[in-house]
Amino acid sequence: MVAPRPAIIVHGGAGRGSGEWREARLAGCLKAAAIGWTALESGRTALDAVGEAVAALEDDPLFNAGTGSSLNRAGEVEMDAALMSDTLEAGAVASVAGIRNPIRLARKILEDGRHVLLTGRGACDFARQAGIPLVPPETLVTQAQHERWKQDHGTVGCVAVDREGHLAAGTSTGGTPRKLPGRVGDTPLIGCGTYGNGDGAASCTGQGEAIIKVVLAKTSVDQLTSGLAPMEAARQAVALLARRTGGQAGVILVDRLGVVGYAHNTEEMPLCHIIGGEEPVTVF
Ligand code: GLY
């Protein structure tokens, strides 16, 4: 039996045309992966590592999640996030405002265990009870000069395996720009934008309406279960999405041995992976 290698891979959203932001976005992915890797290296769980890495991306205004989230048609931030472990424990939030790190709220819901997905006001009430402070929603809106750029990008995510061989997946997003208020994408829907089980963990990015229709995260992990290597599993899953929906998306994957895979049919999907303590690898 091959021993698992700790591994982590993060993505900063599938999209197009980062232009002048390209290097900064890659640096953001590298920083988030390093934060997650430090957690894994110190013996913390994959769930901890994924939560820390996604929170770092949420705090970086260059990504469409947490601070820097897209605005809906009413000019408001409404965010979605989910976290799942290979034990099938899961927590998710949809359409939340005034939460600096939706992924941390998703973790509290996972730990609480009564429900998987809380939305809007109920999620914010839960946050207060769980000791997560609410912030004025406008503090999550970044400078107007990022507005055009933000329209082309979406979602952050991370998957990891820890040294015990446990897997986790997490995803966070502000959703699509100018979405109708109340619209929920794939990110917080378990199996669609985020999924993990004993075979693998997956986090998706791209057009939520297309991703939901092919349950892309679970479809990707199912490809691993059927025997494909992670890179081929990711490619097959994205090809299936393109064939069946005509949509655009990306996915990152890790299997329980710490082998990573990724694929997208968009112009770009910045990502960074760190495997077994090797040098970080960034890919645009
Ligand atoms: N993939 C993120 C969204 O559609 O909301």
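Positions are given from 1 along the sequence.
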Enquirer: Is it true that Val259 and Leu271 fall in one hydrophobic cluster, defined by side-chain heavy atoms closer than 4.5 Å?
Expert: no
Enquirer: Could you tell me if Gln248 and Asn265 have a donor-acceptor pair between their side chains, going purely by distance under 3.5 Å?
Expert: no
Enquirer: Between Ala46 and Ala160, what is the shortest heavy-atom contact and its length?
Expert: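 Looking at all heavy atoms of both residues, the shortest contact is CB-O, 3.6 Å.
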Enquirer: Any chance CZ of Arg243 has more than 12 other-residue heavy atoms, nucleotides or ligands included, within less than 6.0 Å?
Expert: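 Check passes, neighbour count above 12.
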Enquirer: In terms of side-chain geometry, is the basic nitrogen of Lys108 or Asp112 positioned less than 4.0 Å from the acidic oxygen of its partner?
Expert: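 Answer for the salt bridge query: no.
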Enquirer: Between the side chains of Asp59 and Arg100, is the shortest nitrogen-to-carboxylate-oxygen separation below 4.0 Å, so that they form an ion pair?
Expert: yes
Enquirer: Look at the side-chain heavy atoms of Ile, Leu, Val, Met, Phe, Trp and Tyr, link any pair under 4.5 Å apart, and say whether Leu134 and Leu118 land in one connected group.
Expert: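 In one cluster: yes.
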Enquirer: Are Val254 and Ile252 in one and the same hydrophobic cluster, where Ile, Leu, Val, Met, Phe, Trp and Tyr link if side-chain heavy atoms are under 4.5 Å apart?
Expert: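 In one cluster with Val254: Ile252, yes.
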Enquirer: Could you grab the distance from atom CG of Leu241 to atom CD1 of Ile211, nearest 0.5 Å is fine?
Expert: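 So the CG of Leu241 and the CD1 of Ile211 are separated by 6.5 Å.
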Enquirer: Do the side chains of Glu52 and Arg104 get close enough for a salt bridge, i.e. N-O under 4.0 angstrom?
Expert: yes
Enquirer: For the residue pair Gly170 and Ile103, what are the closest heavy atoms and their distance?
Expert: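 Heavy atoms of Gly170 and Ile103 come nearest at CA-CD1, 4.3 Å.
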Enquirer: Are any non-hydrogen side-chain atoms of Ser172 and Met79 less than 4.5 angstrom apart?
Expert: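 They are not in side-chain contact.
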Enquirer: Name the residue from Asn64, Thr173, Asp80 that meets the side chain to side chain donor-acceptor pair (under 3.5 Å) definition with Thr155.
Expert: Thr173
Enquirer: Other residues, nucleotides and ligands only: do more than 12 of their heavy atoms fall within 6.0 Å of NZ on Lys179?
Expert: yes
Enquirer: Please determine whether residues Leu216 and Leu189 belong to a single hydrophobic cluster, defined as Ile, Leu, Val, Met, Phe, Trp and Tyr linked transitively by side-chain heavy-atom distances below 4.5 Å.
Expert: no
Enquirer: Going by side chain to side chain contact (heavy atoms under 4.5 Å, CB included), Val260 matches just one of Val281, Ile274, Ile275. Which one?
Expert: Ile275
Enquirer: Let me confirm one number: the CG-CG distance from Asp199 to Asp222, rounded to the nearest 0.5 Å.
Expert: 8.5 Å
Enquirer: On a heavy-atom basis, which atom in Pro188 and which in Ala81 lie closest, and how many Å separate them?
Expert: CB-O, 3.7 Å
Enquirer: Taking the side chain as every heavy atom from C-beta outward, state whether Thr119 and Val184 have any pair of such atoms under 4.5 Å apart.
Expert: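 Sidechains of Val184 and Thr119: no contact.
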Enquirer: The test is side chain to side chain contact (heavy atoms under 4.5 Å, CB included); show your working for Arg178 and Arg183 and say whether it passes.
Expert: CA-CA 10 Å; Arg178 295 180 307 280; Arg183 179 261 187 192; over 6 Å; no
Enquirer: On a heavy-atom basis, which atom in Phe63 and which in Leu57 lie closest, and how many Å separate them?
Expert: CE1-CD2, 3.7 Å
Enquirer: Could you tell me the separation between the CE atom of Met269 and the SG atom of Cys29, rounded to the nearest 0.5 Å?
Expert: 9.5 Å
Enquirer: Going by an N to O cut-off under 4.0 Å, is there a salt bridge joining Arg107 and Glu111?
Expert: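 Salt bridge flag = yes for Glu111 with Arg107.
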Enquirer: Less than 3.5 Å apart, any donor N or O on the side chain of Ser203 or Thr171 sitting next to an acceptor on the other?
Expert: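 Result is yes, a qualifying pair exists.
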Enquirer: What is the distance from atom CZ of Arg22 to atom CG of Leu26, rounded to the nearest 0.5 Å?
Expert: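 Reported value, rounded in 0.5 Å steps: 6.0 Å.
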Enquirer: Atom CD in Glu89, atom CG in Leu47: separation rounded to 0.5 Å?
Expert: 7.5 Å
Enquirer: Hydrophobic clusters here meaning ILVMFWY residues chained together by side-chain heavy-atom distances under 4.5 Å, can you tell me if Leu40 and Val159 are in one?
Expert: no
Enquirer: Looking at Glu164 and Arg44, is there a salt bridge between them, counting it only when a charged N and a carboxylate O are closer than 4.0 Å?
Expert: no
Enquirer: When you look at Val96 and Glu78, which way does the side chain to side chain contact (heavy atoms under 4.5 Å, CB included) test go after all the steps?
Expert: CA-CA 5 Å; Val96 293; Glu78 284 185 325; over 6 Å; no
